[in-house]
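One structure below.
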Amino acid sequence: MASATMDGLELSAEHLLQVSSGEVPHEEGDLERSGEVSRDDQQMAVAVSYDRPYAVRQHEDMTLRHDQGRKAKYLEDPMNSEQDTMLAIQAKAAGKPLQ
């Protein structure tokens, strides 16, 4: 059951990464390409991150200007708007061992 739960968390994080990649500021694509999902089975946790020195500023600074469709809060907004989808992904994966 724990393995299925982790698989569900990872799948939902992959979904979040996909959605947020479409909103991340994009000039040359470095920030978008740095996005990744990490998994820690011992802590039963997953994380979505963007690994560039300017990632936090791009995410938090609402005064920066971005191309159409790209924006600040590129990770936070999809985390909120995709919550139902991610929960459904997790529930489906966690339910597999019970079937």
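In this structure, A13 and V46 approach most closely via the heavy-atom pair CB-CG2, 3.9 Å. Closest approach of G8 to A93, counting heavy atoms only: CA-CB, 3.3 Å. Looking at every heavy atom in both residues, I89 comes nearest to S12 through CG2-N, 3.7 Å. Nearest heavy-atom pair across Q43 and D40 is N-OD1, 3.1 Å.
Taken from NE2 in H15 to CD in Q90, the straight-line distance is 11.0 Å, to the nearest 0.5 Å. Rounding to the nearest 0.5 Å gives a distance of 11.0 Å between CG of L87 and CD of E82. How far NE2 of H26 is from OG of S21: 9.5 Å, rounded to the nearest 0.5 Å. Atom-to-atom distance recorded for S81:OG and M86:CE is 8.0 Å, nearest 0.5 angstrom. Here the CD-CG distance, from E10 to D7, works out to 7.0 Å after rounding to the nearest 0.5 Å. Between M44 atom CE and L9 atom CG the span is 6.5 Å, to the nearest 0.5 Å.
For residues 49-59, the set of pairs meeting the salt bridge (Lys or Arg N to Asp or Glu O under 4.0 Å) definition, not counting sequence neighbours, comprises R57-D61. Every pair passing salt bridge (Lys or Arg N to Asp or Glu O under 4.0 Å) that includes a residue from residues 20-29 is listed here, sequence neighbours excluded: E23-K71.
Residues meeting the salt bridge (Lys or Arg N to Asp or Glu O under 4.0 Å) test with E14, sequence neighbours left out: none.
Looking at Y74, Y54, Y50 one by one, the single match for ring pair (Phe, Tyr, Trp, His ring centres under 6.0 Å) with H59 turns out to be Y74. Just one residue in the list L16, L17, T85 forms a side-chain contact (heavy atoms from CB on, under 4.5 Å) with P78, and that residue is L16.
Following chains of ILVMFWY side-chain contacts shorter than 4.5 Å, one cannot reach V19 starting from L11, and the two form parts of different hydrophobic clusters. Residues V37 and M79 are members of one and the same hydrophobic cluster, defined by side-chain heavy-atom contacts under 4.5 angstrom among Ile, Leu, Val, Met, Phe, Trp and Tyr.
With a 6.0 Å radius and a threshold of 12 heavy atoms from other residues, nucleotides or ligands, Q18 has its CD atom at or below the threshold.
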